Number of protein chains: 2
Amino acid sequence: MVGIDEVAKLAGVSTATVSRALSGRGHVSPASKAKVEDAAARLGYVVSSNASGLASGRTRNVGVVIPFLNRWYFSSVLEGAQQALLRNGYDLTLYNLAGDGRERSSVFEHFLLRQRVDAVVAVSLELTEHEVQRLHDLGKPLVGVGGPIPGVRTLTIDDVAVARLATEHLLALGHRRIAHIGGDLEFDLDFHLPTNRRLGYEAALRDAGVDPEPRMFAPADFTIAGGYQAAKQLLGVPHARPTAIFAASDEMAMGSILAARDLGMVMPRDVSIIGIDDHDLAEFFGLSTVAQFPRGQGEHAVEILMEQLEPGTDAAQPAATPLPFELRVRSSTAVPPA
Amino acid sequence: MVGIDEVAKLAGVSTATVSRALSGRGHVSPASKAKVEDAAARLGYVVSSNASGLASGRTRNVGVVIPFLNRWYFSSVLEGAQQALLRNGYDLTLYNLAGDGRERSSVFEHFLLRQRVDAVVAVSLELTEHEVQRLHDLGKPLVGVGGPIPGVRTLTIDDVAVARLATEHLLALGHRRIAHIGGDLEFDLDFHLPTNRRLGYEAALRDAGVDPEPRMFAPADFTIAGGYQAAKQLLGVPHARPTAIFAASDEMAMGSILAARDLGMVMPRDVSIIGIDDHDLAEFFGLSTVAQFPRGQGEHAVEILMEQLEPGTDAAQPAATPLPFELRVRSSTAVPPA
DNA sequence: CTGAAAGCGCTAACAC
DNA sequence: GTGTTAGCGCTTTCAG
């Protein structure tokens, strides 16, 4: 392994200058900088992140803690974060807190705290105050995406507003019997999004003079299969069945589309369906939806971190920006049947 | 940040003993070991990975290089690897080589080689000999999953055999006009799987005395939408249309199911469809498939690495094990229409 | 089985 | 703008 002193020797400067030239901290004359870069390239030199990290206290690495890898929303956030990190010269170490609490606390105690990361992005995870405190004590910036973390900068779309928008779209088309497929309780634990979306839905109904009915609600697990089951329940009732379904995620909405089809219903003639996300497949299914932009959320989270880790960089000032969302009308929603 | 010397003081031993007790290397009396562990726990001590890595040359971290995050196969492999790594006390740093070659070489030159990882798992990636050599020179073990890397231990199912199995299932049911949806050329670049699957398909046909016809083949991009398009092509022809479709992935098979439905065909009465993967949604779609076990592949890759990184551990001896696959017959395949 | 001490490779004051 | 040098916090010979 070629070290910094070999580069220094070849470039004819001191190791300190090599370090400065390569890291960009401190001033170096353009001439030496060029010599150093040339020497480094020639020798195939790369800094040892351990040595550098030990000496400087920075690792150029951030931890991303995420509960799922195989769901569109989560992998999109991850992708966005990874890309933004790469762009900034950072590595990303991944902590997939799939399982139980044991695995989870082990991650916190032994992994994140090993000084391996400079900062952490927590996706849809409700950290305890103790966990937040611990990171804070270590001086590690923390930003949340999509989950409510008390006392921490968190990026979330306004779930109430999003749900309201979707519901109002249906209302505006003339629907009155609008069902909702939301999350089950289990999902509400870590991110209250199911509850918020339901609140937005109910608020929109009430504002339109419609009373939310319990039998117009069905819980599911945010998967296509779950949405399919739920929609069958909802659409299977003989009388007064809903003319529209608002699902709290596109995957559940797609399940609903398949369910409607299997029940012999034609969409949007017999039933309108709308979701939330703008999933990759939404276009394919002709699904109307309220788009959120998870890749962008991931990138955004990283930018906030960068601002704290490397002040003075030209990072955008993301403080005020509310997260965008946008109604996308496709062919799954229309006026209700006469 | 509490350091090793504080632990040593509290435990009444030297730092050397603390290090040995906590890392498990070298002998320590049970008594001191207990004292050390107790002291460490009391103080909330966690080793600094940088210092430890610098001194020892090991980082307890492995890099995973992967081209997609949002595809079932890939996220499953990643999940398996992550879990196995966590179990072994390792971190996983993620390199998502989504883009072009530039991004890719930058990853290799600057990230992987920063001594940040002890080993790397390359998923469906064809590394150049130079890249392999470079890792080899650094003494970093490398194992591939699902991609052909010359001179490197690689885990792949036998794609030819898998495709043959799927095709033979259709043949055994009595089908003769069996179409195939495979990968397009772009996909063949990094992992020759599309070609291999096509070869297995054609071989099975020939063995059954059926001549593979070019118009019974349609390329796609491994997505549901792509499979949908391809199936429409295949099933749309007026005469002599296929009675069965073998898609090279479950996602494309699901697209085919939807296409058949939209063409007014009933499955499996009018057309049989089979895929490869055993995707999470296969059950939901009633899709017959040849299961592969990507999570297991990810775990397996890690085990191989562990064996090299920590010889003497009780890791399984995975040398000979061929990767398993398994026909799963559901409701999407049946005898052809009379 | 345990302790003392010499680094691991780099960065950051501090001088010049 | 650049060099000198003292650590960063741990692991690991080498003695004992």
Side-chain angles (χ1 to χ4, degrees), chain A residues 1-37 39-40 43-61 89 110 113-118 138-139 309-310, chain B residues 1-37 39-40 43-61 89 110 113-118 138-139 309-310:
Chain A
M1 204 60 212
V2 23
I4 199 176
D5 35 12
E6 299 181 46
V7 179
K9 198 180 300 168
L10 179 56
V13 297
S14 73
T15 61
T17 299
V18 173
S19 173
R20 285 190 278 250
L22 261 25
S23 71
R25 314 184 157 260
H27 287 197
V28 182
S29 75
S32 344
K33 180 162 187 188
K35 278 189 300 184
V36 168
E37 282 171 348
L43 296 170
Y45 168 76
V46 212
V47 298
S48 153
S49 59
N50 279 329
S52 164
L54 182 54
S56 70
R58 282 171 265 98
T59 65
R60 296 190 77 81
N61 187 35
H110 296 295
L113 302 177
R114 273 197 216 174
Q115 306 227 38
R116 179 157 280 164
V117 299
D118 290 339
L138 289 164
L309 293 175
E310 312 194 353
Chain B
M1 204 63 212
V2 24
I4 198 176
D5 34 12
E6 300 182 44
V7 178
K9 198 180 301 167
L10 180 55
V13 298
S14 72
T15 62
T17 298
V18 173
S19 173
R20 285 190 279 250
L22 260 26
S23 71
R25 317 186 157 256
H27 286 199
V28 181
S29 74
S32 345
K33 181 162 186 189
K35 277 188 300 182
V36 168
E37 282 170 348
L43 296 170
Y45 170 75
V46 207
V47 298
S48 151
S49 60
N50 279 328
S52 162
L54 180 55
S56 69
R58 284 171 263 98
T59 65
R60 294 190 80 78
N61 186 34
H110 297 294
L113 303 176
R114 273 199 218 173
Q115 305 225 42
R116 179 156 280 167
V117 300
D118 290 339
L138 289 164
L309 292 174
E310 312 194 352

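Every value quoted in this text rests on a predicted model; they were computed, and no experiment measured them. In what follows, chains are A, B, ... by sequence order, proteins preceding strands, each numbered from 1.
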Contact residues, residues 8-16 of chain A to DNA chain D [heavy atom, < 4.0 Å]: A/Val13, A/Ser14, A/Ala16
Contact list for DNA chain D against residues 22-33 of chain A - heavy-atom distance below 4.0 Å: A/His27, A/Val28, A/Ser29, A/Ser32
A/Lys33 atom NZ: more than 12 heavy-atom contacts under 6.0 Å: no
Under 3.5 Å: donor-acceptor pair, side chain of A/Asn61, backbone of A/Val117: no
Over all heavy atoms of both residues, which pair between [X] and [Y] is shortest? Give the atoms and the distance, please.
| X | Y | result |
| --- | --- | --- |
| B/Tyr45 | B/Val2 | CD1-O, 3.3 Å |
| A/Asn50 | B/Ser49 | OD1-O, 3.9 Å |
| A/Leu22 | A/Ala40 | CD2-CB, 4.3 Å |

Roughly how far, to the nearest 0.5 Å, is [atom2] of [Y] from [atom1] of [X]?
| X | Y | atom1 | atom2 | answer |
| --- | --- | --- | --- | --- |
| B/Arg25 | B/Ser56 | CZ | OG | 7.5 Å |
| A/Arg58 | A/Asp118 | CZ | CG | 8.0 Å |
| B/Gln115 | B/Leu138 | CD | CG | 7.0 Å |
| B/Ser32 | B/Arg20 | OG | CZ | 10.0 Å |
| A/Ser48 | A/Leu54 | OG | CG | 9.0 Å |

Identified side chain to side chain contact (heavy atoms under 4.5 Å, CB included) counterpart of B/Val18 within the set B/Val28, B/Asp5, B/Val13: B/Val13
Trace of the side-chain contact (heavy atoms from CB on, under 4.5 Å) decision for B/Thr59 with A/Arg116: CA-CA 10 Å; B/Thr59 65; A/Arg116 179 157 280 164; 4.0 Å; yes
Close residues, residues 52-61 of chain A, relative to DNA chain C [heavy-atom separation under 4.0 Å]: A/Ser52, A/Ala55, A/Ser56, A/Arg58
Span of DNA chain C, from the first to the last nucleotide whose atoms fall under 4.0 Å of chain A heavy atoms: C/dG9 to C/dA13
Inter-end axis angle, the helix from C/dC1-D/dG16 to C/dC16-D/dG1, with every axis fitted to five base pairs (rounded, 10 degrees): 20°
CA sep, side-chain torsions, deciding dist, call: A/Ile4, A/Val47, side-chain contact (heavy atoms from CB on, under 4.5 Å): CA-CA 7 Å; A/Ile4 199 176; A/Val47 298; over 6 Å; no
Where chain B begins and ends its contact with DNA chain D, read 5' to 3' at 4.0 Å from heavy atoms: D/dG9 to D/dT13
